[in-house]
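Here the structure is laid out as structure tokens; the discussion comes afterwards.
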2 protein chains.
Amino acid sequence: MAFNDLISGALTTSGQVRNEPVQARSSERIATLLDAASAVVAEVGIERLTTAMVAERAGASIGTVYRYFPDRIAVLAAMSLRGFERFLRASVENLEATKPTTLDEAITCLIDAAVELHRTEPGFTSIRLSDQIALPEVDGGTASSARIAGPLAAIFVAELGVDGDGLAERLDIALTMADALLVRAFVIDPKGDPAAIEATRALVAGYLAPAGARA
Amino acid sequence: MAFNDLISGALTTSGQVRNEPVQARSSERIATLLDAASAVVAEVGIERLTTAMVAERAGASIGTVYRYFPDRIAVLAAMSLRGFERFLRASVENLEATKPTTLDEAITCLIDAAVELHRTEPGFTSIRLSDQIALPEVDGGTASSARIAGPLAAIFVAELGVDGDGLAERLDIALTMADALLVRAFVIDPKGDPAAIEATRALVAGYLAPAGARA
DNA sequence: GGTCACCGACCGGAACTCGATCATCACTCA
DNA sequence: TGAGTGATGATCGAGTTCCGGTCGGTGACC
């Protein structure tokens, strides 16, 4: 059980696209469409995103958008999922580079990954803001934090030797908090107020600290 | 400065409706429309709510909806504001009935009020979920927690004698957290898992505890 | 009688469909 | 081995449907 098991553990690649791509150009198309959607969201926001805008920006036609996504919401959901996946990969990279020995250090890896995405990925903050809106219609309301908390707890127990008792549940709460607070921080200040970010880190670490000490 | 000053302090009744009601039946209409909207949201969700559904359920015509609300978002925003107002009134009721002497007791009054609304008001959870989406387009992104944190801090300082230093900012964070966690609890379990609610209460109280002790 | 409240056909535009067309691939056979 | 050839994947965009929002006309109140 290593850090990079997190990706396979937390990602259930449920059918986001309508037709699985067969030819190579098709996968590129999907990526292009999602990039376009990301840019459109960053520019006009979630509410004002139209499928026509996405198509035009991707240099595709409306029909192509609907070939890959059942409806407008699914485009947003796929964007969200891709963002979540990138968060996981960045987290794993940070974890493997840092080799944390405490829960506190490990959490910092995750928060750094999230902050980096908020900073660099256009539309990421917006899509996180509305994740809970868009996703329920697609995969039944399972919030991202719930998907990651279980595998993450297992890995922390294995790698850090912390007490696993109720850890998954506390991680779920901690991640929900961190998500909400980071989104809030980036909504208020698009560059991300360092004080707000540090406050979030401290708050989450503080919340989880007793569990780490118990190890 | 008493608890019920909270309502006037936190509610800036900005123009939600298009034409202020003059005749009595008109106010009833607005309430009926908002009730209908609430029911529709509970049934099909925010995204799928159409103004036609609201009109039909309220026994009114499309035109009537648009007589009172400038657009679809405004209907949702008004619902949100009414929910927020009800939250404030319920909170004040709890505060005046309990006469709290500690920050912890006071926070419990607020959380109980919120939980009660999640339980009894159809669509309240959904609208809280998307409050941050719907409101920015109407009043410039001022989240509810920001509106309430200032007045609440002032009242707590006056009534409980706690240290007011940075209290408003910490209350803002605490309320953002509590809101996110309660919404999460009610999304997962529409009846509201008592354990999740108690965890939220404990978490928020714990976060604010140092401030209370410093008094 | 004048204003308030209400209605619902109508309009513009956005979501989404569908049949036609083009691109690619696996396979064949000279 | 490589040009030919269906089969199927991928793309297109005009057309359809549906929804948000308007507006002029008709009753309800004072």
Side-chain angles (χ1 to χ4, degrees), chain A residues 15-37 39-41 43-79 130 133-134 137-138, chain B residues 15-37 39-41 43-80 127 130 133-138:
Chain A
Q16 285 297 323
V17 295
R18 225 167 183 179
N19 301 330
E20 290 298 317
V22 177
Q23 299 176 12
R25 59 174 172 160
S26 175
S27 309
E28 286 165 30
R29 263 289 192 211
I30 293 178
T32 308
L33 287 170
L34 291 181
D35 289 341
V40 170
V41 164
E43 209 166 277
V44 305
I46 305 256
E47 291 283 314
R48 307 231 182 274
L49 171 143
T50 70
T51 48
M53 289 180 193
V54 174
E56 192 188 346
R57 190 163 208 126
S61 77
I62 301 273
T64 300
V65 174
Y66 284 94
R67 169 168 178 78
Y68 294 109
F69 304 100
D71 56 28
R72 180 178 164 277
I73 298 291
V75 178
L76 296 171
M79 256 186 73
S130 70
I133 305 284
E137 314 213 0
V138 175
Chain B
Q16 288 296 322
V17 294
R18 226 167 182 178
N19 301 332
E20 289 298 317
V22 178
Q23 299 176 13
R25 60 172 171 162
S26 177
S27 308
E28 285 165 30
R29 265 288 193 207
I30 292 178
T32 309
L33 287 170
L34 291 181
D35 288 341
V40 170
V41 165
E43 209 167 276
V44 305
I46 304 262
E47 289 285 315
R48 307 236 181 269
L49 171 143
T50 69
T51 47
M53 288 180 193
V54 174
E56 191 187 348
R57 189 161 208 128
S61 79
I62 300 276
T64 300
V65 174
Y66 284 94
R67 168 166 180 79
Y68 293 109
F69 303 99
D71 56 28
R72 178 179 165 278
I73 298 291
V75 177
L76 296 172
M79 257 187 73
S80 175
I127 204 79
S130 69
I133 302 286
L135 281 182
E137 313 214 0
V138 174

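Numbers restart at 1 for each chain; the letters A, B, ... are given by sequence-line order, proteins then strands. Quick caveat, the model's predicted, so the values are computed rather than measured.
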- [ ] Please identify each residue that fulfils salt bridge (Lys or Arg N to Asp or Glu O under 4.0 Å) with A:R29, with sequence neighbours left out.
- [x]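 Expected list: none.
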Open item on the list: Does any part of the side chain of A:V65, heavy atoms only, come nearer than 4.5 Å to the side chain of A:V75, both counted from C-beta?
Closed with: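 Yes, side chains in contact.
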Task: Residue pair A:V54 / A:F69, side-chain heavy-atom distance below 4.5 Å - done: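 Counting from C-beta outward, A:V54 and A:F69 never come under 4.5 Å.
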Find the distance [X]:[atom1] to [N]:[atom2] and express it as a whole number of Å.
X: A:R67; N: D:dG13; atom1: CZ; atom2: P; result: 16 Å
X: B:L33; N: C:dC7; atom1: CG; atom2: C1'; result: 13 Å
X: A:I30; N: D:dG9; atom1: CD1; atom2: C1'; result: 13 Å
X: B:D71; N: C:dG12; atom1: CG; atom2: P; result: 20 Å
X: A:R48; N: C:dA15; atom1: CZ; atom2: P; result: 12 Å
X: B:I46; N: D:dC19; atom1: CD1; atom2: P; result: 17 Å
X: A:R29; N: C:dT24; atom1: CZ; atom2: P; result: 12 Å
X: A:Y66; N: C:dG19; atom1: OH; atom2: P; result: 18 Å

Open item on the list: Can you tell me how far apart OG1 (B:T64) and CG (B:L33) are? Round to the nearest 0.5 Å.
Closed with: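 So the gap between those two atoms works out to 7.5 Å.
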Task: Gap separating the CD1 atom of B:I30 from the CG atom of B:D35, nearest 0.5 angstrom - done: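 Rounded to the nearest 0.5 Å, the CD1-CG separation comes out at 12.0 Å.
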Task: Shortest non-hydrogen contact from B:L49 toward B:A37 - done: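 In terms of heavy atoms, the two residues are closest at CD1-O, 3.8 Å.
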Please write out the pairs of protein N or O atoms and N or O atoms of nucleotides 9-11 of chain C separated by less than 3.5 Å, giving the distance to one decimal.
none

- [ ] Answer yes or no: is there a donor N or O on one side and an acceptor on the other, between the side chain of B:S80 and the main chain of B:L76, under 3.5 Å?
- [x]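 Checking the backbone N and O of B:L76 against the side chain of B:S80, no donor-acceptor pair under 3.5 Å is found.
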- [ ] Measure from the side chain of B:T50, starting at C-beta and using heavy atoms only, and say which of D:dC12, D:dG20, D:dT11 lies closest.
- [x]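 Per side-chain heavy atoms of B:T50, the pick is D:dG20.
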TODO: State which of C:dC7, D:dG13, C:dC16 makes the closest approach to the side chain of A:S61.
DONE: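 Nearest to the side-chain atoms of A:S61, counting from C-beta on, is D:dG13.
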- [ ] Report yes if at least one side-chain N or O of A:T64 is closer than 4.0 Å to OP1 or OP2 of D:dA10; otherwise report no.
- [x]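 A:T64 to D:dA10 OP1/OP2: no side-chain N or O under 4.0 Å.
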- [ ] Ignoring backbone atoms, establish whether A:R72 has a side-chain N or O less than 4.0 Å from OP1 or OP2 of C:dA14.
- [x]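 No, because none of the side-chain N or O atoms of A:R72 sits under 4.0 Å from OP1 or OP2 of C:dA14.
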